[in-house]
Amino acid sequence: MAIDIDVLEHRRSFSDPAGGIIESFVELEVGGARTVGVLSQPIYGSSSSTGWVISHSFGPDWLGLLMTEVSVARALAAAGDRVLRFQCQGYGDSAEVWTEPTVSTHLRDTRDAIGALRSMTDVERIGAIGCRMGGAVAALLADEGQIDRLVLVAPAVSGERYARELLRVRAIAGISSASEERAMSIEELREALGRAGGLSIKGFLLTDTMVADLERVDLLRQLRGSHGDVLIVQVSIGTTPQSSLGKLAAHLETLGANVTSEIVTDPVAPRFGIDHFQVVDRGVEVDVMRELYGALSSRIVSWADRTAEPGGQR
Amino acid sequence: MKEYPVFVPAGDEYVGAVVTVPDSDPRGVVVLVTGGGGAPRSHRYGLWTKIARELAVRDIASVRTEWPGVGDSTGVARMEMANLPVAETAQVARFAMDVTGTERLGLVGNCGGARTSLQVAIHHLPCDALALITLRLMTDAPRPSAAMRGVRTAASRLPGPIEKVARTVYRKRKGTMQRRDALTDSLTAAAARADVLILEPDSALAGPIPLVVRDVVRRGTPRRVVLEDLGAKSLQEIETREQQVQLIARVTDWFDECFPGSERGSAMAIAAEEESA
């Protein structure tokens with residue numbers, strides 16, 4: 001019995017006439033191995049010269065931010081751009097799903113994905129969008145001169161702080177489980193990580209090696225190249241600017257970047273990256289980030305419009 | 001082995017899925033169903049991806065699927081135990097059976113995905129094997145009232161035999177017995193055709209699930225119902241790669257045993273024949 005390849009190939013794509021987009025699964029080679037990506041495009045073709053790559057975040061964040069990234073990709077495609085989202089090695093459907101991802105593998109894979117987007121489309125300018133550690137990776141790639149336009153959503157400016165935040169998720173889980181053996185401080189978790197070799201955080205096995213690698217990220221020290229248009233979005237409950245993002249904006253401006261800083265407020269902002277589902281009733285869970293996805297997407301699309309090249313070339 | 005990512009039409013939405021096909025003709029197809037909480041088709045730790053690839057080594061095709069509104073799927077995500085994505089999962093299963101050219105079906109799911117798998121097997125498609133992970137005892141029964149919870153507390157202070165009677169009355173009112181009965185009926189219906197493996201965390205093995213399995217077995221179902229230790233606290237809390245490897249091996253072995261054409265199954269049958277001889 002033969003596999004029905006024709007049907008499988010036909011179902012790689014779907015079109016959404018109401019939303020104005022078409023999405024297609026694409027096979028990519030990143031980091032020397034196959035992975036899965038999705039190319040979002042306007043349904044009636046694109047006249048935009050910009051193509052976007054989504055640099056997904058790290059470890060457990062990948063699950064927590066997936067829907068944010070999908071929402072942004074679809075919004076930009078509906079506005080006329082082409083957007084590639086993909087999975088780095090060590091995640092999801094990637095060939096090397098047993099691999100332990102690091103910041104270095106994220107950089108390598110995202111670099112390859114940019115090359116893939118260039119080869120599969122006729123885009124001239126590359127934009128990169130990343131949330132949290134995905135933002136840090138996008139910024140580091142922009143520093144290499146790979147990227148023309150940069151969107152950083154709640155970027156991880158300090159890897160050390162970001163790693164502590166991941167461990168804090170585990171610490172909170174330990175406290176809420178009301179189990180004495182699991183309720184450990186972050187320092188104790190860091191030590192336990194060294195002893196056990198790994199800790200489970202929201203369905204991701206975080207290892208000592210990964211944490212050590214994350215802790216080396218320091219955007220204020222590492223970014224030295226020239227940068228173009230940059231949007232930095234703070235995601236928070238209130239409107240008080242965060243000092244780390246202010247410092248990043250100032251640093252990028254000294255490197256010649258045209259930085260726009262925006263703040264998106266939402267009551268669920270503290271959960272951004274950690275979790276997007278919440279129990280709202282007995283046996284009922286909903287995605288509590290949906291309004292935040294919409295707000296972020298509209299800000300990003302609006303900024304992309306404003307900073308488009310003269311003549312409407314986004 | 002080859003993998004095909006696809007958007008499967010399901011109702012008004014498109015569900016993101018990956019069909020994995022072995023190099024040889026597939027002996028059957030297994031649908032991997034995630035639970036609630038927004039995990040995409042690969043699931044936490046990429047477990048569904050890892051299981052899919054191990055199944056392919058045993059010449060078993062698979063499709064790992066996600067809920068509408070989750071991952072690459074379209075729609076709005078909402079997880080309701082009383083309104084699981086059963087029809088959508090059945091559509092993905094039918095799609096996978098059609099494209100892989102097999103009528104032999106298996107389903108594996110955890111938590112809400114286990115419930116979904118069970119419902120697909122009972123109401124939608126003839127299923128040969130099920131692997132149900134952290135199959136919680138729950139329905140849409142309302143939470144007991146404060147008064148009833150007070151009765152429970154008071155009952156716990158009563159002398160032994162009276163306390164036992166009071167506890168039974170309380171549980172009946174609370175819905176535990178109804179939920180147990182409902183799950184017993186569901187598993188009995190599924191086991192009329194499918195072999196059923198239930199994997200529960202150690203903590204749950206002291207709860208009502210073993211009693212449910214005992215009751216199902218007592219009813220004399222034609223197929224096997226097996227309850228085993230998951231080897232982890234939950235599917236979200238697998239702390240080591242070794243635990244992952246064990247779970248992947250157990251699920252893969254299960255479908256390998258259940259689907260005809262297995263070398264392992266053949267070896268087991270020969271061993272059983274030799275033993276009886």
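First the proteins, then the strands, lettered A, B, ... as listed; each starts at 1. None of the values given here were measured: they were computed from a predicted structure.
In this structure, a donor-acceptor pair under 3.5 Å is absent between the side chains of A/Gln87 and A/Ser94.
The two residues B/Gln119 and B/Ser186 make their nearest non-hydrogen contact at NE2-OG, 4.2 Å. Of all non-hydrogen atoms in A/Leu117 and A/Leu39, the two that sit nearest each other are CD1-CD1, 3.9 Å.
If you measure heavy-atom distances from A/Phe204 to chain B, the contacts under 4.5 Å come from the backbone alone. For A/Phe277, the part lying near chain B is the side chain, with the backbone staying farther off; criterion is any non-hydrogen pair under 4.5 Å. For A/Trp62, the part lying under 4.5 angstrom from a heavy atom of chain B is the side chain only. Both the backbone and the side chain of B/Thr74 come within less than 4.5 Å of a heavy atom of chain A. Heavy atoms closer than 4.5 Å to chain B are found in the side chain of A/Leu66, but not in its backbone. Only the side chain of B/Tyr14 comes within contact range of chain A, with heavy atoms under 4.5 Å apart. For A/Thr207, no part lies near chain B; criterion is any non-hydrogen pair under 4.5 Å. In this structure, the portion of A/Glu27 lying under 4.5 Å from any heavy atom of chain B is its side chain and not its backbone. Proximity to chain B (any heavy atom under 4.5 Å) is shown, for A/Ser40, by neither the backbone nor the side chain. Within the 4.5 angstrom heavy-atom criterion, no atom of B/Ser24 approaches chain A. A/Val36 touches chain B through its side chain: at least one heavy atom from C-beta onward sits under 4.5 Å away, while N, CA, C and O do not. For chain A, the nearby parts of B/Arg241 are the backbone and the side chain; heavy atoms of each come within less than 4.5 Å. Within the 4.5 angstrom heavy-atom criterion, no atom of A/Leu206 approaches chain B.
Here the side chain of A/Arg11 pairs no donor or acceptor atom with the backbone of B/Pro9 at under 3.5 angstrom. A side-chain donor-acceptor contact under 3.5 Å links B/Asp128 to the backbone of B/Leu105. Side chain of A/Ser55 to backbone of A/Gly134: a donor-acceptor contact under 3.5 angstrom is found. Judged by distance alone, with hydrogens and angles left aside, the side-chain atoms of A/Gln89 form a donor-acceptor pair with the main-chain N or O of A/Arg34 at under 3.5 Å. Between the side chain of B/Asp23 and the backbone N or O of B/Met1 there is at least one donor-acceptor pair closer than 3.5 Å.
Taking the six-membered ring for Trp and thresholds of 30 and 60 degrees, A/His106 and A/Phe58 have ring planes inclined between 30 and 60 degrees apart.
Comparing B/Thr240, B/Asn83, B/Val8, B/Thr49 by how many heavy-atom pairs each has under 4.5 Å with chain A, the most go to B/Thr49. The candidate with the highest count of non-hydrogen atom pairs below 4.5 Å against chain B, out of A/Leu205, A/Val70, A/Ile201, A/Asp287, is A/Leu205. The candidate from A/Val26, A/Val97, A/Val286 with the greatest count of non-hydrogen atom pairs under 4.5 Å with chain B is A/Val97. Interface check for chain B: of the options A/Val280, A/Asp93, A/Ile5, the most heavy-atom pairs under 4.5 Å are formed by A/Asp93. Most heavy-atom pairs under 4.5 Å with chain A: of the set B/Glu80, B/Arg78, B/Lys50, this distinction falls to B/Lys50. Chain A forms the most heavy-atom pairs under 4.5 Å with one residue out of B/Gly112, B/Ala17, B/Gly71, B/Gly69, and that residue is B/Gly71.
The number of heavy atoms from other shown groups lying within 6.0 Å of CD (A/Glu29) is above 12.
When the options A/Ile21, A/Val38, A/Val83 are evaluated for a side chain to side chain contact (heavy atoms under 4.5 Å, CB included) with A/Arg74, the one that passes is A/Ile21.
Under a 4.0 Å N-O distance rule, the pair A/Arg12/A/Glu23 does not qualify as a salt bridge.
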